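What follows is a single structure, written as structure tokens, with notes after it.
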Amino acid sequence: MTSIAIVGAGPQLGLAIARTFGSQGFDVALIARNRTKLYDLAGTLTAEGITAAAFPADVLDRDALTQALKDAATHFGGMDVLEYSPADSTTVLTTPAETEPWHVQHEIEFQFYGAIAATNAVLPAMRETGTGTLLFTTSARSVNPQPPTANVSAAAAALRNWAVNLHKELADTGIQAAHVGIDAVIGTPTFYGQPRVAGGQISPVYWELHTSQRDQAERIFRA
């Protein structure tokens with residue numbers, strides 16, 4: 001049985017990715033810090049006939065995140081796909097001139113270091129089997145930064161750079177690593193002129209990167 005771990009699982013993109021992979025027979029491990037919402041998501045998927053389980057962890061607690069992924073792999077007998085897309089509703093946005101080091105540091109911890117910790121938790125087993133997929137999600141501001149979101153964009157750009165470089169390193173190993181940049185707002189009012197989309201419009205991109213586009217290091221979704 002194949003399985004996917006969705007780090008930062010929520011009711012929009014995370015749920016959509018879970019449904020996309022679950023409909024193809026994947027077991028789904030849901031990881032996020034809000035225990036109640038996480039179990040609600042698992043219940044929703046279970047009611048739809050998808051095998052899903054919740055593993056609460058905060059990406060800022062890297063030991064807890066690592067343990068959650070190890071627990072998920074034990075529960076499902078391995079982990080074939082990692083998808084990393086946490087969101088932080090408490091983020092304070094800054095322009096370049098307003099940015100202090102701590103504005104970027106929080107985002108680096110949340111977006112970039114969490115992704116590294118998650119990867120380190122699953123990559124060794126993927127190397128042993130010679131197969132696996134690692135998918136990392138950011139806003140498209142990682143590619144095309146805009147002044148109102150300078151601190152978030154800087155951290156996202158770091159994650160994007162690392163993910164694309166990881167793709168190059170893992171070439172010919174059977175393991176796919178890719179970055180997904182989303183140039184849209186998911187399920188909420190438009191933000192800085194970006195169009196609004198549903199998670200289900202984006203989730204097929206992840207399936208394609210896992211299956212038919214394993215040679216690609218990046219996809220930018222634009223509505």
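No hydrogens, no waters, no symmetry mates; every other heavy atom, side chains included, goes into these values. It should be emphasised that the depicted structure is a prediction, and the values quoted were computed from it without experimental measurement.
Among all heavy-atom pairs drawn from A117 and T66, the shortest one is O-OG1, 4.1 Å. Taking every heavy atom of both residues into account, I186 and A198 meet most closely at CG2-C, 4.2 Å. Nearest heavy atom pair, residue F55 against residue A72, reads CZ-CA, 3.6 Å. Of all non-hydrogen atoms in P147 and P96, the two that sit nearest each other are O-CD, 3.4 Å. For L41 against P11, the heavy-atom pair with the smallest separation is CD2-CA, 3.9 Å. P204 approaches G200 most closely through the heavy-atom pair CD-O, 3.3 Å.
A 4.5 Å side-chain heavy-atom check between F26 and W207 finds at least one atom pair inside the cut-off. Side-chain contact check for R219 versus L135: every heavy-atom pair is 4.5 Å or farther apart. Proximity of R214 to T133: side-chain heavy atoms (C-beta onward) are separated by under 4.5 Å at one or more points. With a 4.5 Å cut-off on side-chain heavy atoms, V197 and F221 count as touching. Looking at heavy atoms from C-beta onward, R19 lies in side-chain contact with T44 at the 4.5 angstrom threshold.
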Item to check | From CA spacing to verdict: side chain to side chain donor-acceptor pair (under 3.5 Å), T99, N151 | outcome: CA-CA 7 Å; T99 301; N151 57 324; 5.3 Å; no
Checklist entry - For D88 and R33, what are the C-alpha separation, side-chain angles and deciding distance, and is it a side-chain contact (heavy atoms from CB on, under 4.5 Å)? => result CA-CA 11 Å; D88 187 359; R33 60 188 168 188; 3.3 Å; yes
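Placement of I50 and I17 within a single hydrophobic cluster is found when ILVMFWY residues are connected by side-chain heavy-atom separations under 4.5 Å, directly or transitively. Following chains of ILVMFWY side-chain contacts shorter than 4.5 Å, one cannot reach Y39 starting from I31, and the two form parts of different hydrophobic clusters. I182 is not connected to I220 by any chain of hydrophobic side-chain contacts under 4.5 Å among Ile, Leu, Val, Met, Phe, Trp and Tyr, and they are in different clusters. In the hydrophobic cluster analysis, where Ile, Leu, Val, Met, Phe, Trp and Tyr join through side-chain heavy atoms closer than 4.5 angstrom, L13 is grouped apart from V143. V92 and V152 fall into different hydrophobic clusters, where Ile, Leu, Val, Met, Phe, Trp and Tyr are joined by side-chain heavy atoms under 4.5 Å apart, directly or via other members.
Residues forming a side-chain contact (heavy atoms from CB on, under 4.5 Å) with T95 (at least two apart in sequence, or on another chain): A97, E98. Scored by the side-chain contact (heavy atoms from CB on, under 4.5 Å) test, A16 finds S203 as partners (sequence neighbours excluded). Applying the side-chain contact (heavy atoms from CB on, under 4.5 Å) rule to A157 yields no partners; only residues at least two apart in sequence or on another chain are considered.
The aromatic rings of F21 and H210 sit tilted relative to each other, their planes meeting at an angle between 30° and 60°.
To the nearest 0.5 Å, the span separating CG on L45 from CD1 on I6 amounts to 7.5 Å. If you take CG on L69 and OG1 on T119, they are separated by 9.0 Å, rounding to the nearest 0.5 Å. Rounding to the nearest 0.5 angstrom, the gap separating the NZ atom in K70 from the OG1 atom in T74 is 9.5 Å. Taken to the nearest 0.5 Å, the CD1 atom of I116 stands 12.0 Å off from the CG atom of L65. M79 CE to L134 CG: the interatomic distance, rounded to the nearest 0.5 Å, is 12.0 Å. Separating the NE2 atom in H179 from the CD atom in E218 is a distance of 5.5 Å, to the nearest 0.5 Å.
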Please tabulate, for side-chain N and O atoms in residues 162-170, each donor-acceptor pair with protein atoms closer than 3.5 Å (sequence neighbours left out).
unit_1	atom_1	unit_2	atom_2	d
H167	ND1	Q176	OE1	3.0
H167	ND1	A177	O	2.7
H167	NE2	D215	O	3.3

Which pairs of donor and acceptor atoms, one on a side chain in residues 56-64, lie under 3.5 Å apart (sequence neighbours left out)?
unit_1	atom_1	unit_2	atom_2	d
D58	OD1	L60	N	2.9
D61	OD1	D63	N	3.4
D61	OD1	A64	N	3.1
R62	NH1	E109	OE1	2.8
R62	NH2	E109	OE1	3.2

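Counting only residues at least two apart or on different chains, no ring pair (Phe, Tyr, Trp, His ring centres under 6.0 Å) pair has a member in residues 80-104.
Looking only at atom types and distance, the side chain of E83 has a donor-acceptor partner in the side chain of T137 under 3.5 Å away. Residues T2 and D80 bring no donor and acceptor atom of their side chains to less than 3.5 Å of each other. Using a 3.5 Å distance cut-off with no hydrogens or angles, the side chains of T138 and Q111 do not pair a donor with an acceptor.
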